[in-house]
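Reminder, nothing fancy here: chain letters follow the sequence lines and each chain counts from 1.
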Protein chains: 2
Amino acid sequence: MPKSNISTPVIRRLPRYYRFLGELKAQGITRISSGELSRRMGLTASQVRQDFNCFGEFGQQGYGYNVELLQSEIGDILGLNRLRNAILIGVGNLGKAVAQHIRFNSFGFQLIGLFEERESLIGQMVKNIPIRSVKDLDEFCRENHPELAVLCIPKEGAQSITEQLIKLGIKGFWNFSHYDITLNYPDVQVENVHFSDSLMTLSYKLNNNNK
Amino acid sequence: MPKSNISTPVIRRLPRYYRFLGELKAQGITRISSGELSRRMGLTASQVRQDFNCFGEFGQQGYGYNVELLQSEIGDILGLNRLRNAILIGVGNLGKAVAQHIRFNSFGFQLIGLFEERESLIGQMVKNIPIRSVKDLDEFCRENHPELAVLCIPKEGAQSITEQLIKLGIKGFWNFSHYDITLNYPDVQVENVHFSDSLMTLSYKLNNNNK
DNA sequence: TAGATTGTTAATCGATTAACAATC
DNA sequence: TAGATTGTTAATCGATTAACAATC
């Protein structure tokens, strides 16, 4: 039976399952056992079965799992079958690349607004979305009710805009800044993308890969 | 005494310590206790002390830790005081933003080459680095000995170029593609940046934040 | 010296792995 | 039915937290 409180490690593996199952589907594979899936993903069969059983009984004894069905179930669990409105703040190099490069629609979101402080950028179009002034943030949010904010601004400005966005009803942050949202607003959902942390970790690994 | 085998959770916290200590330093704070640092970072004092003691005895009983010294020690552990040559493959939206946006020099690397398959991009300059053809990869690597490759290419091309790069002496990958390097080359150091996984995780959290 | 805080050992907690009965 | 593979419980492993003697 489905558990109510799923641990973080399990949640973080779900997108990977989703991707791998998508590939299997694309390869025309219709069924797979926990053993075979674990082998392909570098996990253990136990872990795979434990993970899935957090959410329900998706397999069949003696058969395994139906690839398409299982992927669709995981997609549902991840909430990919609905679209939540999202806005992006800070359309610099990074913000622009995120807006252009990420297929929000495939991952549960609809990017509906881009906001910038720098006057020179306002009015430009990115992915058919006009860049608006942050001054229009209040009005835009009251009209369109975005639930997600993508923060692509420097740490300095992040504190005040985060507060503003939370007041405007934002429930989740995809945070590319170094401002620590969770520390100050524990009730909001946050996913951090810290490039520099990732790069430093890699530096560490290269220094110690002999061990 | 320093341990030889440090666990992944500890390693992943190091960059965060490094950042927080940098901020404290910037604020003119010269000493800090594990208790105070843990409070600011949302950890426990025990964890902070355990983490640091993996690498040495950096504190002093009754006093705490010297902020500047501790940050510098962690920087050394992360290997930020040396520069390893790095190249970036795939100068599309994302690759260009990474090249322009990331301060490689602050995190242990020197970006020395950009490579592209698409003829139209070759010759362009990004951050004073010319975009080269992937055909010149072999020659460039034999001359410049990069240790890190930043992969900003689609999954399809990643397999073959990864193999090529490993043969050319690349020891680490900063992997923005969905190709699973570790599964196929377990001896190489890899840090994955999977935007879509991160976004899907956030979608999950927004669906279940009531729990 | 007395107070504070570390370094480190022991206890707890949680996640992963192993085992196996249930069942398709 | 026999073989395969799940769902699930129990055992193990590892990471976090608590406790406290050492010491500045």
Side-chain angles (χ1 to χ4, degrees), chain A residues 1-17 20-21 24 29-71 73-74 77 182 201 204 211, chain B residues 1-17 20-21 24 29-71 73-74 77 182 201 204 211:
Chain A
M1 78 224 66
K3 284 197 242 169
S4 60
N5 202 9
I6 311 297
S7 73
T8 312
V10 174
I11 296 166
R12 296 208 166 279
R13 280 192 292 270
L14 291 179
R16 195 150 173 270
Y17 286 124
F20 268 77
L21 289 164
L24 292 174
I29 296 169
T30 56
R31 59 178 269 199
I32 194 155
S33 68
S34 59
E36 176 60 17
L37 184 59
S38 68
R39 217 166 300 126
R40 289 179 185 241
M41 294 185 64
L43 305 168
T44 66
S46 274
Q47 189 166 46
V48 168
R49 292 203 299 278
Q50 290 272 32
D51 284 353
F52 294 161
N53 277 99
C54 290
F55 303 99
E57 306 185 3
F58 304 133
Q60 202 173 20
Q61 281 98 330
Y63 173 88
Y65 299 87
N66 178 298
V67 171
E68 188 161 0
L69 203 85
L70 182 58
Q71 202 217 11
E73 289 281 4
I74 294 176
I77 292 162
T182 306
T201 303
Y204 176 88
K211 74 106 207 347
Chain B
M1 78 223 67
K3 284 198 242 167
S4 61
N5 203 9
I6 312 297
S7 74
T8 314
V10 175
I11 296 168
R12 295 209 166 278
R13 280 192 292 270
L14 292 179
R16 193 149 175 269
Y17 287 125
F20 269 78
L21 289 165
L24 292 174
I29 296 169
T30 55
R31 56 176 271 198
I32 194 155
S33 68
S34 58
E36 177 60 17
L37 185 59
S38 69
R39 217 167 300 123
R40 289 180 185 241
M41 294 184 66
L43 304 170
T44 66
S46 274
Q47 188 167 46
V48 168
R49 292 203 298 280
Q50 290 271 31
D51 283 354
F52 295 162
N53 277 99
C54 290
F55 303 100
E57 306 186 4
F58 303 134
Q60 202 172 20
Q61 279 98 331
Y63 173 88
Y65 298 87
N66 177 300
V67 171
E68 188 161 359
L69 203 82
L70 183 57
Q71 200 215 15
E73 288 281 3
I74 294 175
I77 292 161
T182 305
T201 303
Y204 176 88
K211 75 105 204 351

From B:Arg40 CZ over to B:Leu24 CG, what is the distance, rounded to the nearest 0.5 angstrom? 5.0 Å

How long is the span from the CD atom in B:Glu73 to the CG atom in B:Leu14, to the nearest 0.5 Å? 12.0 Å

For DNA chain C, the expected dot-bracket line (Watson-Crick or G-U under 3.5 Å, [ ] crossing, | inter-strand) is ..||||||||||||||||||||||

Partner set under side-chain contact (heavy atoms from CB on, under 4.5 Å) for A:Ser33, not counting sequence neighbours: A:Glu36

Going by ring pair (Phe, Tyr, Trp, His ring centres under 6.0 Å), name the pairs with one or both residues in residues 30-51 of chain A, residues two or more places apart or in two chains. none

Closest heavy-atom pair, B:Thr44 versus B:Ser38, reported as atoms and distance to 0.1 Å, is C-CB, 3.4 Å

Which parts of nucleotides 19-24 of chain C does protein reach within less than 4.0 Å, heavy atoms only, written one letter per nucleotide 5' to 3' as B for base, S for sugar-phosphate only and - for none? BB-BBB

Rounded to whole angstrom units, what separation is found between the CD atom of A:Glu36 and the P atom of D:dT6? 11 Å

Taking side chain to side chain donor-acceptor pair (under 3.5 Å) as the cut-off, I'd like each qualifying pair that reaches into residues 61-71 of chain A, sequence neighbours left out, listed once. A:Lys25-A:Gln71

Look only at the side chain of B:Arg16 and the backbone of B:Met41, and say whether a donor-acceptor pair between them is shorter than 3.5 Å. yes

Separation of atom CZ in B:Arg31 from atom P in C:dA4, rounded to whole Å: 11 Å

Taking every heavy atom of A:Arg49 against every heavy atom of A:Ser34, the minimum-distance pair comes out as NH1-OG, 2.9 Å

Would you kindly give the CZ-to-P distance between A:Phe55 and D:dG7, to the nearest whole Å? 14 Å

For B:Leu21 and B:Val67 the tightest heavy-atom approach is O-CG1, 3.5 Å

Does a nitrogen or oxygen in the side chain of A:Tyr65 sit under 4.0 Å from OP1 or OP2 of D:dA4? no

To the closest 0.5 Å, what do you measure between CZ (B:Phe52) and CD1 (B:Ile77)? 9.0 Å

For B:Leu43 and B:Tyr17, what are the C-alpha separation, side-chain angles and deciding distance, and is it a side-chain contact (heavy atoms from CB on, under 4.5 Å)? CA-CA 11 Å; B:Leu43 304 170; B:Tyr17 287 125; 3.5 Å; yes

Separation of D:dG7 P from A:Phe58 CZ (nearest whole Å): 9 Å

Measure all distances between protein nitrogen or oxygen atoms and nitrogen or oxygen atoms of nucleotides 13-16 of chain C, and list the pairs falling under 3.5 Å.
unit_1 : atom_1 : unit_2  : atom_2 : d
C:dT16 : OP1    : A:Arg13 : NH1    : 3.2
C:dT16 : OP2    : A:Arg13 : NH2    : 3.2
C:dT16 : O5'    : A:Gln47 : NE2    : 3.3

Can you tell me the distance, in whole Å, between the CG atom of A:Asn53 and the P atom of D:dT5? 16 Å

